[in-house]
Amino acid sequence: MDDAASGPGGQGRPGGPGSLALRLRREQDVLARMRGTEDRIADAITAFAGTMHFVYIHAAWFTIWIVCNEGVFGQEIVWDPFPFGLLTMIVSLEAIFLSTFVMVSQNRQAARENVRADLDFETNVRSEVWSIHMGRALGVDPTEVERKVQDVLAENRARMLGSGRSST
């Protein structure tokens with residue numbers, strides 16, 4: 001078997017069991033399965049609502065609505081006189097729906113982050129197991145390595161806490 005085609009530890013071909021490409025595709029597959037039609041619609045609406053184009057359209061719409069309903073072009077085209085009750089109701093309904101779409105998108109983003117965190121955890125565990133096995137094969141004492149890791153982490157935490165206090 002060609003070494004370049006082997007996965008980690010010489011396991012099979014690219015995309016075979018244990019290969020990095022398989023794990024990346026797995027994340028993409030999991031995220032794709034989580035995304036239904038409703039999610040795509042919510043994401044598209046949320047993405048559009050978060051643009052300046054959306055703001056400009058609404059500014060123009062409100063201006064035209066108010067100008068027309070103030071009778072600037074004649075009283076015959078006034079359909080929602082001041083205090084613009086219909087406009088208020090439409091804008092309120094739009095705000096309700098937009099906030100719902102934003103919450104749906106945020107919930108999906110949180111779910112994606114959970115999937116990624118789970119996959120990162122699996123990768124970290126896999127790396128730790130491989131490191132321990134390779135260290136043992138090289139004659140490295142895992143207990144001594146862990147002691148050194150804990151010392152470095154403790155120093156780093158102390159440094160972070162010290163810098164956090166001085167900035168407040």
Side-chain angles (χ1 to χ4, degrees), residues 1-59 61-62 88 91-168:
M1 174 179 3
D2 184 3
D3 286 339
S6 295
Q11 294 180 352
R13 65 191 189 289
S19 77
L20 179 61
L22 178 64
R23 280 184 241 128
L24 291 176
R25 269 187 262 138
R26 180 173 166 220
E27 177 180 354
Q28 292 165 352
D29 290 345
V30 169
L31 295 176
R33 279 192 302 255
M34 291 171 50
R35 191 169 188 207
T37 302
E38 296 90 0
D39 294 324
R40 285 197 245 342
I41 292 169
D43 285 345
I45 291 171
T46 302
F48 176 66
T51 65
M52 287 306 294
H53 189 67
F54 180 81
V55 173
Y56 298 145
I57 289 172
H58 278 72
W61 172 35
F62 295 153
T88 302
V91 170
S92 296
L93 287 171
E94 181 185 39
I96 290 168
F97 281 105
L98 283 177
S99 64
T100 303
F101 289 130
V102 167
M103 288 188 289
V104 167
S105 292
Q106 287 176 336
N107 288 342
R108 275 193 357 87
Q109 181 62 34
R112 284 192 302 259
E113 289 169 6
N114 287 339
V115 167
R116 287 187 180 120
D118 290 345
L119 293 172
D120 284 347
F121 177 75
E122 289 176 13
T123 299
N124 292 340
V125 169
R126 185 176 287 112
S127 295
E128 186 170 353
V129 169
W130 272 96
S131 296
I132 289 171
H133 286 292
M134 288 188 302
R136 284 186 181 149
L138 295 171
V140 176
D141 180 18
T143 306
E144 179 59 32
V145 172
E146 184 60 27
R147 190 175 311 116
K148 180 62 178 170
V149 167
Q150 292 301 322
D151 290 345
V152 170
L153 289 174
E155 289 173 19
N156 190 40
R157 283 188 199 109
R159 207 173 314 124
M160 286 173 36
L161 290 174
S163 66
R165 286 189 200 125
S166 63
S167 66
T168 54

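For reference, positions follow the sequence shown, starting with 1. Owing to the predicted nature of the structure, the values given are computational and were not obtained by experimental measurement.
Every residue two or more places apart in sequence or in another chain that forms a side-chain contact (heavy atoms from CB on, under 4.5 Å) with Val115 is listed here: Val30, Leu31, Met34, Leu119. Partners of Arg147 according to the salt bridge (charged side-chain N to carboxylate O under 4.0 Å, His left out) rule, which considers only residues two or more places apart in sequence or in another chain, are Glu144. Qualifying salt bridge (charged side-chain N to carboxylate O under 4.0 Å, His left out) partners for Glu128, counting only residues two or more places apart in sequence or in other chains: none. Arg136 is linked by a salt bridge (charged side-chain N to carboxylate O under 4.0 Å, His left out) to nothing, counting only residues two or more places apart in sequence or in another chain. For the side-chain contact (heavy atoms from CB on, under 4.5 Å) test, residues two or more places apart in sequence or in another chain that qualify with Leu153 are Val149, Gln150, Arg157. Asn124 pairs by the side-chain contact (heavy atoms from CB on, under 4.5 Å) definition with nothing, not counting sequence neighbours. Asp43 meets the salt bridge (charged side-chain N to carboxylate O under 4.0 Å, His left out) test with Arg35, Arg108; sequence neighbours excluded. Among residues two or more places apart in sequence or in another chain, the side-chain contact (heavy atoms from CB on, under 4.5 Å) test is passed with Val125 by Phe121, Val129. The ring-ring contact (aromatic ring centres under 6.0 Å, His included) check on His58 picks up Phe54, Trp61, Phe62, with sequence neighbours excluded. Evaluation of the side chain to side chain donor-acceptor pair (under 3.5 Å) rule for Glu122 yields Arg26 as partners, not counting sequence neighbours.
Interatomic distance, Ile57 CD1 to Phe48 CZ, rounded to the nearest 0.5 Å: 4.0 Å. The CD1 atom of Ile132 lies 11.0 Å from the OG atom of Ser127; values are rounded to the nearest 0.5 Å. Distance check, rounded to the nearest 0.5 Å: CD1 of Ile41 to CZ of Phe101 gives 8.0 Å. Rounding to the nearest 0.5 Å places OG of Ser105 at 8.0 Å from CG of Asp39. Here Asp151 contributes atom CG and Glu146 contributes atom CD; the two are 10.0 Å apart, rounded to the nearest 0.5 Å. To the nearest 0.5 angstrom, Asn114 atom CG is 10.0 Å from Gln109 atom CD.
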